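These numbers come from a predicted model, not from an experiment. What's counted below: heavy atoms across the whole structure, side chains too, no hydrogens, waters or symmetry copies.
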Amino acid sequence: MSDPRAWEMTVFLRVAALGSFSAAGAAVGMTPSATAKLISRIEARLGVRLIERSTRRLRLTDEGELYRERAEILLGELDAFDAEIAGGARSPTGVIRINVSVPFGRHCVLPLLPDFTRAYPDIRLDLTLTDEVVDLQAAQADIAFRTGRLPDSALLAIRLGDVRRRIVAAPDYLARKGVPRAVADLEQHDCLGFNFRRAAAVWPLKSGGRLIDREVHGRIDANNGETVRHLALLGLGLARLAEFHIRADIAAGRLVTVLDDAMVDSEEIHAIHIGRERTPRRVRAFLDFSTPRLRAMLL
C-alpha cells in the first residue's frame with residue numbers, strides 16, 4: 001500500500017485486533033519495535049494517546065477506539081473506490097450508508113430494496129432508521145431523507161415531493177371518546193406525541209380562519225412515528241401522522257381521519273446526499289433508482 005497514512009491505519013488496525021505489537025508486526029511483515037514506533041509516530045502527529053501499553057495486553061483509549069472506527073470506514077472506502085475505478089463500466093460496488101426516519105424508511109424506502117439489490121448485486125446497504133435528527137457528516141451517511149426546511153450545508157438535495165399530515169384514530173377510540181368536531185375538542189382527547197428533543201407538543205391547525213399552533217396533551221409519547229401509528233391502531237389516542245404512513249390503514253378502515261377541515265399541514269421531503277464535486281457511482285445508482293419511485297409514492 002503506497003499511501004503512508006493508509007499503511008499506518010492498516011498496521012494500527014492489526015495492532016487493535018491482535019492486541020500486541022509482535023503479533024501485529026508478524027502479520028504485516030514488521031518487527032515488534034518498528035510496529036511500536038509506527039504507532040508512536042501516529043500518536044505524536046495526532047497529539048493523543050491511542051493505545052495504553054501494559055505488560056499483559058494493549059488496550060485502546062477512547063481516542064483509539066474512534067481512530068479504529070474511522071480507519072475501518074476510510075480503508076473500506078478506499079477499497080470500494082479502487083474497485084469502482086478498476087471496474088469501469090461494470091456494476092457499481094461499495095457500501096451506501098442511508099439515514100432515514102422510521103416511517104419513511106419502513107413504508108417507502110424498504111419496499112424498494114428487493115428490486116434494487118437484484119439490479120445492483122455488488123452494492124451493500126447500511127441502513128439507519130431513526131426519527132432523531134443526526135449530523136449526517138458525523139454519522140458518515142451517504143444519503144439521508146429529511147422532511148421540512150433544510151439547513152444550509154455542503155450536501156446536495158433532491159426534492160421528492162410534499163408530505164401531508166392527517167389526524168387519525170382507531171374506530172374503537174372514537175366510539176369511546178367521541179369524534180372531535182372542532183379544534184377546541186382536542187382538550188378532551190388523548191393526543192399521542194413524541195419524546196425526542198425537537199418535538200413540540202403543538203399541532204398546526206386552522207381555527208377561526210387562522211393558522212395556530214394548538215397545544216395538545218396526552219398520556220403516551222414515543223420516539224418514532226411507527227410506534228405512534230401502532231399506539232393509534234391500539235385505540236390509545238389521536239395521532240398526527242404523514243399521509244403516506246397511514247394510507248393503507250385509512251383505506252382498510254383501521255384508522256379514521258378527523259378534523260380534515262382544520263389540517264393545512266404539509267412539508268417538503270428531500271433526498272440529501274454527498275458528492276458536490278462528484279457523486280459516487282453507487283450513490284448515483286441508488287438515487288436514480290429510488291427518486292422516481294418515491295415521488296410516485298408521495299403523490
Side-chain angles (χ1 to χ4, degrees), residues 98-113 127-134 136 139 141 143-153 155-169 183 186 191-206 211-214 216 218 221-233 237-252 254-273 286-299:
I98 300 172
N99 187 286
V100 60
S101 70
V102 178
F104 196 71
R106 166 69 180 81
H107 292 271
C108 295
V109 175
L110 295 189
L112 303 180
L113 300 189
L127 301 169
T128 298
L129 273 65
T130 176
D131 282 6
E132 287 279 6
V133 173
V134 298
L136 302 182
I143 302 171
F145 296 94
R146 286 289 177 265
T147 303
R149 193 173 68 84
L150 297 177
D152 293 334
S153 77
L155 300 173
L156 302 179
I158 299 172
R159 186 180 181 279
L160 300 175
D162 293 313
V163 173
R164 182 186 177 193
R165 291 186 177 83
R166 311 286 291 273
I167 297 176
V168 294
V183 172
L186 292 176
C191 297
L192 301 167
F194 293 91
N195 58 18
F196 37 81
R197 289 185 303 275
R198 66 186 173 92
V202 295
W203 290 355
L205 297 167
K206 187 169 60 176
L211 181 63
I212 61 171
D213 284 337
R214 181 77 187 190
V216 295
D221 294 332
N223 70 339
N224 66 78
E226 185 69 357
T227 299
V228 170
R229 169 179 166 266
H230 280 286
L231 293 170
L233 288 168
L238 299 172
R240 171 177 162 266
L241 296 169
E243 191 170 47
F244 72 78
H245 190 185
I246 50 176
R247 185 177 292 140
D249 296 320
I250 294 171
R254 294 185 293 266
L255 293 174
V256 178
T257 64
V258 298
L259 296 176
D260 280 345
D261 291 344
M263 291 296 290
V264 289
D265 187 5
S266 68
E267 292 181 301
E268 292 184 346
I269 185 167
H270 294 83
I272 308 168
H273 64 96
F286 189 86
L287 291 170
D288 289 346
F289 181 92
S290 64
T291 295
R293 292 166 174 81
L294 293 173
R295 284 175 172 162
M297 291 181 188
L298 293 171
L299 292 177

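- Looking only at side-chain heavy atoms (C-beta outward), Glu226 and Asp131 stay at 4.5 Å or farther from each other.
- Side-chain atoms of Leu113 and Leu127, non-hydrogen and from C-beta on, do get closer than 4.5 Å to each other.
- Between atom CH2 of residue Trp203 and atom CG of residue Asp213 there is a gap of 13.0 Å, rounded to the nearest 0.5 Å.
- Between Ile269 atom CD1 and Thr147 atom OG1 the span is 3.5 Å, to the nearest 0.5 Å.
- Put simply, CG on Asp249 and CG on Leu255 are 4.5 Å apart, with the number rounded to the nearest 0.5 Å.
- Residues satisfying the salt bridge (Lys or Arg N to Asp or Glu O under 4.0 Å) test with Arg159, not counting sequence neighbours, are Asp162, Glu268.
- Under the side-chain contact (heavy atoms from CB on, under 4.5 Å) criterion, Arg293 pairs with Leu112, Phe289, sequence neighbours left out.
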Please test Leu160 against Thr291 for side chain to side chain contact (heavy atoms under 4.5 Å, CB included), starting from the C-alpha separation and ending with a verdict. CA-CA 7 Å; Leu160 300 175; Thr291 295; 3.9 Å; yes
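- Screening His245, Glu267, Glu243 against Arg165 for a side-chain hydrogen bond (donor to acceptor under 3.5 Å, both in side chains) leaves a single residue, Glu267.
- Across all their heavy atoms, Pro103 and Gly225 have their closest contact at CG-CA, 3.6 Å.
- Between the side chain of Arg240 and the backbone N or O of Pro204 there is no donor-acceptor pair closer than 3.5 Å.
- Aromatic ring orientation, Phe244 versus Phe104: perpendicular (interplanar angle above 60°, classes split at 30° and 60°).
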Would you check, one step at a time, whether the test side chain to side chain contact (heavy atoms under 4.5 Å, CB included) holds for Ile158 with His270? CA-CA 5 Å; Ile158 299 172; His270 294 83; over 6 Å; no
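- With values rounded to the nearest 0.5 angstrom, Thr257 atom OG1 is found 11.5 Å from Leu238 atom CG.
- Contact annotation: the side chain of Val202 never approaches that of Arg214 to less than 4.5 Å [non-hydrogen atoms, C-beta and beyond].
- Counting heavy atoms from C-beta on, the side chains of Arg106 and Arg229 never come closer than 4.5 Å.
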Side chain to side chain contact (heavy atoms under 4.5 Å, CB included) between Arg146 and Asn99, worked out: CA-CA 9 Å; Arg146 286 289 177 265; Asn99 187 286; 2.8 Å; yes
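- Across Val228 and Ala222, no two heavy atoms sit closer than the pair CG2-CB, 4.0 Å.
- The pair Asp261-Lys206 does not count as a salt bridge, with every side-chain nitrogen at least 4.0 angstrom from each carboxylate oxygen.
- No side-chain heavy atom of Thr227 sits under 4.5 Å from any side-chain heavy atom of Val102.
- Put simply, CD1 on Ile98 and CZ on Phe286 are 3.5 Å apart, with the number rounded to the nearest 0.5 Å.
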Side chain to side chain contact (heavy atoms under 4.5 Å, CB included) between Leu129 and Val109, worked out: CA-CA 10 Å; Leu129 273 65; Val109 175; over 6 Å; no
